[in-house]
Amino acid sequence: MNVFLFGPPGSGKGTQAKDLAERLGVPHVATGDIFRKNLRDGTPLGKLAKSYMDAGGLVPDSVTCDIVADRLMQADALGGVLFDGFPRSVPQAEWLLAWFASHGRRADAVVSLEVPEGAILERITGRRTCAQCSATYHVVYNPPGAVCVKCGSTDIVQRRDDTAEVVQKRLDEYAAQTAAVLPVLRSAATVHDIDGTGDIAAVKNRIFAALHL
Ligand code: ADP
Ligand code: AMP
């Protein structure tokens with residue numbers, strides 16, 4: 001089953017992804033996490049992605065689609081994936097639907113998280129991220145302890161692109177390029193519009209109910 005977590009930066013996609021992927025029995029594929037891992041590992045892809053990420057822009061479509069194609073051919077992804085942060089532009093969405101068609105796969109469902117911009121800014125500027133495994137926390141709503149509960153690392157940091165200035169650029173990019181992806185996905189899959197406000201458990205319950213999980 002191929003499911004998409006869709007919504008602006010900070011809407012809670014990564015937070016909801018772990019339990020949802022586990023329940024669906026598919027891997028969580030977050031393009032932002034793939035870029036950050038390449039950055040940590042010092043690969044050429046990481047170096048290229050860094051300049052776009054630091055400025056709050058999108059990594060070029062051709063680069064992003066190539067890494068997604070590679071990921072989708074890995075053994076654990078053959079039965080479906082939970083996408084998080086992809087597709088993020090209309091060309092990426094069109095590329096993916098064509099790729100699915102030519103590989104006998106299909107888009108099943110979209111979970112579109114709706115959160116007002118004021119809450120988004122508060123969520124992103126308070127976000128803390130495990131530099132090792134990308135698990136996310138929030139200084140108020142989900143405070144991190146001394147070590148990451150998912151991997152035990154003590155390396156819990158504020159992302160370089162989570163400053164108020166870069167966040168605004170990312171929200172502008174979302175409005176300019178990503179919002180238009182939803183109608184494209186709607187043409188291929190069932191879209192569930194989910195209220196993304198309220199606590200993390202309440203949002204999870206709404207998502208699971210919408211997907212009959
Ligand atoms: P995205 O993956 O969509 O960019 P995240 O899942 O990283 O967003 O969430 C952004 C921040 O908001 C994180 O710090 C996270 O802990 C926090 N957060 C996520 N969901 C909620 C929620 N329902 N209520 C309060 N804070 C939340
Ligand atoms: P995220 O972790 O989803 O917030 O993504 C962090 C950054 O990675 C974004 O601001 C982009 O620079 C880059 N990125 C992640 N996913 C994509 C994508 N699908 N297309 C282009 N750039 C992306």
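Order of appearance sets the numbers: ligands from 1, and atoms from 1 within every ligand. From a predicted model like this one, the values you see are computed outputs, not experimental measurements.
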### Query
So Ile124 and Arg170, side-chain contact (heavy atoms from CB on, under 4.5 Å) or not? Walk me through it.
CA-CA 11 Å; Ile124 304 196; Arg170 289 162 62 201; 4.1 Å; yes
### Query
Are Asp172 and Gln168 linked by a side-chain donor-acceptor pair shorter than 3.5 Å?
yes
### Task
Would you check whether Asp84 has a nitrogen or oxygen atom less than 3.5 angstrom from a nitrogen or oxygen atom of ligand 2?
no
### Message
For Lys37 and Asp41: C-alpha separation, side-chain torsions, deciding distance, then whether salt bridge (charged side-chain N to carboxylate O under 4.0 Å, His left out) applies.
### Response
CA-CA 6 Å; Lys37 176 159 190 338; Asp41 294 347; 2.5 Å; yes
### Message
When you measure from the side chain of Lys13 to the backbone of Gly7, do you find a donor-acceptor pair of N or O atoms at a distance under 3.5 Å?
### Response
yes
### Query
Quick one: does Lys204's side chain get under 4.5 Å of Ile207's, heavy atoms only?
no
### Query
Heavy atoms, side chains only, cut-off 4.5 Å: are Lys47 and Asn38 in contact?
no
### Task
Could you tell me whether the side chain of Phe6 reaches within less than 4.5 Å of the side chain of Ser11, counting heavy atoms only?
no
### 4.0 Å heavy-atom contact, Lys13 with ligand 2
no
### Query
To the nearest 0.1 Å, how far is atom 18 (C) of ligand 2 from its closest protein heavy atom, and which atom is that?
Arg88 CD, 3.5 Å
### Message
Test your reading of the model: is there a side-chain donor-acceptor pair from Arg105 to the backbone of Leu72, 3.5 Å cut-off?
### Response
yes
### Message
For ligand 1, give me the residues whose heavy-atom distance to it is below 4.0 Å, by chain and number please.
### Response
Pro8, Pro9, Gly10, Ser11, Gly12, Lys13, Gly14, Thr15, Arg123, Arg127, Thr136, Tyr137, His138, Tyr141, Gly198, Asp199, Ile200, Val203
### Task
Return yes or no for this condition: an N or O of Gly85 is under 3.5 Å from an N or O of ligand 2.
yes
### Message
Determine whether a donor-acceptor pair (N or O, by modelled atom type, separation under 3.5 Å) exists between the side chain of Asp108 and the backbone of Asn2.
### Response
yes
### Summary
Quick note on ligand 2: atoms under 4.0 Å from a heavy atom of Thr64 include exactly 18 (C), 19 (N), 20 (N), 21 (C)
### Task
Using a strict cut-off of 4.0 Å, indicate which atoms of ligand 2 neighbour a heavy atom of Arg170.
4 (O), 10 (O)
### Summary
Atoms of ligand 2 under 4.0 Å from any heavy atom of Thr31, numbered from 1 in the order shown, are 15 (C), 16 (N), 17 (C), 18 (C), 19 (N)
#### Entry: Side chain, backbone, both or neither: the part of Glu173 lying under 4.0 Å from ligand 2 by heavy atom
neither
### Message
Minimum distance, heavy atoms only, to atom 11 (C) of ligand 2: which one of Ser89, Pro87, Gly32, Gly57 is it?
### Response
Gly57
#### Entry: Protein heavy atom at shortest distance from atom 20 (N) of ligand 2
Gln92 NE2, 2.8 Å
### Whether Arg159 lies under 4.0 Å from ligand 2, heavy atom
yes
### Query
In the protein, which heavy atom is nearest to atom 22 (N) of ligand 2, and how far is it?
Val59 N, 3.0 Å
### Task
Tell me which protein heavy atom sits closest to atom 23 (C) of ligand 2, plus the residue, atom name and distance to 0.1 Å.
Phe35 CE1, 3.7 Å
### Query
Any side-chain heavy atom of Thr31 within less than 4.5 Å of one from Phe83?
no
### Message
Can you confirm whether Arg40 is buried at CZ, in the sense that more than 12 heavy atoms of other residues, nucleotides or ligands lie under 6.0 Å from that atom?
### Response
yes
### Task
Begin with the C-alpha distance, continue with both residues' side-chain angles, and end with the deciding distance and a verdict on side-chain contact (heavy atoms from CB on, under 4.5 Å) for Leu96 and Phe4.
CA-CA 12 Å; Leu96 183 68; Phe4 299 82; 3.5 Å; yes
